[in-house]
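Below is one structure; the comments refer to it alone.
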Amino acid sequence: MKHNTTPTSFRRNRNPLTWLARHVQNALASLGRLARQPLPTLMTTAVIGIAIALPSGLYLLVDDVRELTGNWDGGSSISLFLTDGIDDRKAAVVRDTLARRSDVGDTRLITRAQALEEFRQRSDFGEALDLLDRNPLPAVILIRPAPFASSAADTERLAKELEQYREIALVRVDLQWIRRLEAITHTLERSILVLAGLLSTAVLLIIGNTVRLEIQNRHHEIEVIRLVGGTDAFIRRPFLYEGLWYGLLGALIALLLVTLGLGLMQGPVQHLAGLYASEFRLKLITPGTLLSILLGGPLLGLAGAWLAVGRHLARIQPE
Amino acid sequence: MIRFDNVAKRYPAGREGLARVSLQVKPGELVFVTGHSGAGKSTLLKLIGLLERTTRGQVWVNKRNLNRLKARDVPYHRREVGMIFQDHRLLADRTVFDNVALPLVVAGMGYQEIQRRVHAALDKVGLLDKERSQPVTLSGGEQQRVGIARTLVSKPPVLLADEPTGNLDPKLSREIMELFLQFNQVGVTMLIATHDIDLIQGFGKRIVQLHKGRILYDSGAVT
Ligand SMILES: Nc1ncnc2c1ncn2[C@@H]1O[C@H](COP(=O)(O)OP(=O)(O)O)[C@@H](O)[C@H]1O
Ligand SMILES: [Mg+2]
């Protein structure tokens, strides 16, 4: 009997239609297996859902807070003290010029007389002022940056520009609080990122472990499939789909939880906003968040399953 | 079809499975492998089905050197080598039909063709009426025939059976053996391991007797 030294290659099935049909079949079969154990499936997906919902919900909240800092009442206002010789009429003209700028929001003019009146009411030196023969206070224009240009950096730049005006003697801007607020949101965002990283890892491990248990349960089946010539890809596929489904179902639960949770906060938040005379509402979900949950969940599931499959399938061989 | 060149197999524990075995099996030949328990019969078959790899020497199946076969080609090799075991190795949670269909599903065959082939295979082993049954509801002999149908369904050129009658009474054992002889008529190359010498002596087929991992006797040795 003559033997070839170079083995003839094996016939492989590369028909795309059979390939597609097999994937659809596998996906449905994996879903069916999850559906046949509703309680364990629900518990696993609920844990995954919570793990995804937590950072997503917090992210949306912080996003809202950041937006809020833009139109916070009493926000970063800039006080412009006008030059001495500017009378009320000229001051009004300056105010109107400033109001036309796109990066300027609300403006308010405090005339010299108003300034004096305010000073009289607020301070103990009111009587001392009467001794002076003329009003020593300048007219003041209070402006607030437009909402889109209200960050600390933007406000600072605006203040610099206003200093160039001839009619303006002094620009005073209090950036302290907005810098603090920015630092707080930044810190929150970073914490959420860390939290999201930790919880993603948790999801990865949960799904990996669930798939590992499933692999162990179907130990015998895997051996038999290997025996009759099942490839690694064939054996791997149902487990990868299982991970994918866990991730997707978890993502859907997360969406539900986020919407529900923020919905529950809507009432109190609106009440709180109302006390500040604000129309502010929480936005329940953004398209970007929706997309990242719906893509991230299944992707995490797939990755978790892949980890389990990579570690455990090769060890199961028929004997 | 199958060739062993000075094959030795030593298991991790240091136990010797086979020691210097050389053997040739022609296409379409049926060979009974006998010997006491521990003689190396299972080891011989496992090396052909690549359930184990040789420690020394070379095994050729269907003109391929198994030593050089890459891991990713092993499944395709197994599709050409049907294996039957004493314990059937059926899937308890699937019907007889699904069990028999498994090798075809794994190979990516279309459903119509699978159905046709599974029915033909079940017909050959006389279990056509049991296709919807669960394996546990069948007798030992019937389960073994399901296992046989599962290997026949993909029409592999090589068929290995390790103690296929180990759990069966003499009458059923004979029936199973006669089934194998029938399939051998259509040209399948077969190796059947059994310690039951009385059962196989009357068939007039080649007998290879193993003892402590060596060939003690070969009724059809080429040289
Ligand atoms: N997986 C294994 N690990 C260690 N030793 C083994 C293993 N399989 C078989 N052996 C040893 O190899 C020898 C041959 O075993 P085997 O091929 O199963 O013989 P038979 O099938 O003829 O009873 C025996 O000594 C057995 O103990
Ligand atoms: Mg044995």
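- In this structure, CD in A:Q317 is found 10.0 Å from CD in B:E52, a value given to the nearest 0.5 Å.
- Side chain of B:R79 to main chain of A:V228: no donor-acceptor pair is present (N/O by atom type, distance under 3.5 Å, no hydrogens or angles).
- The 12-atom threshold is not exceeded at OH of A:Y59, counting heavy atoms of other residues, nucleotides or ligands nearer than 6.0 Å.
- For CD of A:Q266, the number of neighbouring non-hydrogen atoms (other residues, nucleotides, ligands) closer than 6.0 Å is greater than 12.
- Within a 6.0 Å sphere centred on CZ of A:R190, other residues, nucleotides and ligands contribute 12 heavy atoms or fewer.
- Within a 6.0 Å sphere centred on NZ of A:K283, other residues, nucleotides and ligands contribute more than 12 heavy atoms.
- At a threshold of 4.5 Å between non-hydrogen side-chain atoms, the residues B:R78 and A:P318 count as touching.
- Here CD of A:E319 is found 9.0 Å from CG of B:L51. Values are rounded to the nearest 0.5 Å.
- For B:Q115, there are no side-chain hydrogen bond (donor to acceptor under 3.5 Å, both in side chains) partners, not counting sequence neighbours.
- In this structure, A:H220 contributes its side chain and B:A92 its backbone to no donor-acceptor pair below 3.5 Å.
- Within the structure, every pair that satisfies the ring pair (Phe, Tyr, Trp, His ring centres under 6.0 Å) test and touches residues 229-259 of chain A, not counting sequence neighbours, is listed here: A:H23-A:Y241.
- For the pair B:R89/A:L227, a side-chain contact is recorded, criterion being any heavy-atom separation below 4.5 Å from C-beta on.
- Contacts between B:L90 and chain A at a heavy-atom distance below 4.5 Å involve the backbone alone (N, CA, C, O).
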